[in-house]
Amino acid sequence: MTTENIEDVIELRVDEIAQLFHTLDPFPFRERDLDREAEDFIVGWARELPVDQPIRIVIHFPDSVAQTSAARELGDAFSRHFSHRAGIIQRDLNELFRVGRRSLSIGVFVLVVCFVAAHFAGEFLNGTPFKRLAEESFLILGWVANWRPLEIFLYDWWPIVRRRDLYHRLSKAVVETKPYPAEQSNVPVPTAP
């Protein structure tokens, strides 16, 4: 599997179309999951492509009746697979936000309890050298309890959204098939300099 020009297109060369799919999946090509290595290769190169342009995937395969027949379903298979993956990532994002909301409600409750505890500790320890230590400790605990929800809502969701959007773009990619003469199966595809 190689790429000729990462700015324009993702190109793959296979000895047979079945190499692109998970070998233990019993479904027809259109419904099969892509092989993990093939998916990683495509996703890795797609990350390098400009985000404002459509993605094009070209599959080079040996010219035979069986391979040509299987190649007809590649567009649907890629679209279905990447749409499914985008849906999974969307569910992961929804779960992250659900955890974030739950963590935030717990964090806010702990923060309020810590503010009240700091106030009572300050009054109880009034005139002792530990008053400030007790107040500050409760306040720090309250803010630390909100660390995770703030991390979720400020930072953690961005990479997931980028990955979901990439899979959406890949599900809409134009998939082209280009057969090559079967006797050229050992000739490498030229790579970019």
Side-chain angles (χ1 to χ4, degrees), residues 1-14 16-61 70-112 142-178:
M1 295 181 213
T2 61
T3 179
E4 188 168 306
N5 185 349
I6 63 170
E7 295 170 5
D8 299 328
V9 65
I10 300 169
E11 292 197 63
L12 296 102
R13 183 182 181 112
V14 294
E16 59 182 78
I17 299 297
Q19 282 180 279
L20 296 170
F21 298 95
H22 191 316
T23 56
L24 298 178
D25 197 341
F27 293 105
F29 285 143
R30 187 177 347 101
E31 299 172 18
R32 276 187 172 182
D33 287 333
L34 283 179
D35 179 69
R36 175 54 89 191
E37 289 181 16
E39 180 181 342
D40 290 346
F41 178 83
I42 293 168
V43 170
W45 281 111
R47 282 187 181 124
E48 303 295 324
L49 297 174
V51 294
D52 59 340
Q53 294 183 7
I55 296 174
R56 227 170 40 117
I57 303 171
V58 177
I59 310 294
H60 298 272
F61 62 94
R72 285 190 202 114
E73 298 181 2
L74 282 178
D76 290 340
F78 278 45
S79 178
R80 187 209 57 79
H81 176 78
F82 289 119
S83 290
H84 177 71
R85 295 288 293 152
I88 290 171
I89 293 170
Q90 181 61 50
R91 287 190 293 278
D92 290 345
L93 182 64
N94 294 345
E95 174 67 12
L96 179 69
F97 283 139
R98 186 184 66 73
V99 168
R101 287 189 301 272
R102 182 175 289 156
S103 300
L104 184 61
S105 63
I106 293 169
V108 168
F109 175 75
V110 170
L111 182 63
V112 169
W143 287 113
V144 168
N146 285 284
W147 182 289
R148 181 67 182 136
L150 290 174
E151 184 178 31
I152 288 172
F153 289 119
L154 293 178
Y155 306 111
D156 286 355
W157 64 279
W158 286 101
I160 298 171
V161 167
R162 278 195 302 271
R163 196 169 354 123
R164 180 203 59 197
D165 292 347
L166 178 64
Y167 278 101
H168 275 303
R169 287 181 58 224
L170 283 166
S171 73
K172 296 174 185 162
V174 174
V175 178
E176 297 176 20
T177 56
K178 292 190 178 180

Practice task
Calculate, to the nearest 0.5 Å, the distance between atoms OG and CG belonging to S79 and L74 respectively.
Solution key: 12.0 Å
Practice task
Can you sort out the partners of R85 under salt bridge (Lys or Arg N to Asp or Glu O under 4.0 Å), two or more places apart, ordered by chain and number?
Solution key: E39
Practice task
Decide side-chain contact (heavy atoms from CB on, under 4.5 Å) for L93 and W157; before the verdict, give the C-alpha distance in whole Å, the side-chain angles of both, and the deciding distance to 0.1 Å.
Solution key: CA-CA 7 Å; L93 182 64; W157 64 279; 3.7 Å; yes
Practice task
Compare every heavy atom of L166 with every heavy atom of A46, then report the nearest pair and how far apart it is.
Solution key: CB-CD1, 3.7 Å
Fill in the blank from the handout: When every non-hydrogen atom of I10 is compared with those of I42, the smallest separation belongs to CD1-O, 3.6 Å
Problem - Heavy-atom pair of closest approach, residues R164 and I89 - result: CB-CG2, 3.6 Å
Exercise for the section: Measure from the side-chain N and O atoms of S105 to the backbone N and O of R102, and report whether any donor-acceptor pair falls under 3.5 Å. Expected result: yes
Practice task
State the OG-NE2 distance between S171 and H81, to the nearest 0.5 angstrom.
Solution key: 11.0 Å
Exercise for the section: Could you tell me which residues satisfy side chain to side chain contact (heavy atoms under 4.5 Å, CB included) with V51, sequence neighbours excluded, listed by chain and number? Expected result: R169
Problem - Pairing residues for R148 by the salt bridge (Lys or Arg N to Asp or Glu O under 4.0 Å) criterion, not counting sequence neighbours - result: E151, D156
Completion exercise
NE2 (H168) and CD (Q90) are apart, to the nearest 0.5 Å, by 6.5 Å
Handout entry: Minimal non-hydrogen separation, I152 against G100, with atom names
Key = CD1-CA, 3.6 Å
Handout entry: Check: V161 and D165 side chains under 4.5 Å, non-hydrogen atoms
Key = yes
Problem - Pairing residues for L111 by the side chain to side chain contact (heavy atoms under 4.5 Å, CB included) criterion, not counting sequence neighbours - result: F115, W143, N146
Handout entry: Test side chain to side chain contact (heavy atoms under 4.5 Å, CB included) applied to E176 - qualifying residues, sequence neighbours left out
Key = R56, V58, V174, K178
Fill in the blank from the handout: Applying side chain to side chain contact (heavy atoms under 4.5 Å, CB included) to F153 and not counting sequence neighbours gives F97, R101, L104
Exercise for the section: Please round to the nearest 0.5 Å and tell me the distance separating atom CZ of R72 and atom CD1 of I17. Expected result: 11.5 Å
Fill in the blank from the handout: To the nearest 0.5 Å, atom CD of Q19 lies from atom CG of L34 at 13.0 Å
Practice task
Supply the atom-to-atom distance I59 CD1 to L12 CG, rounded to the nearest 0.5 angstrom.
Solution key: 4.5 Å
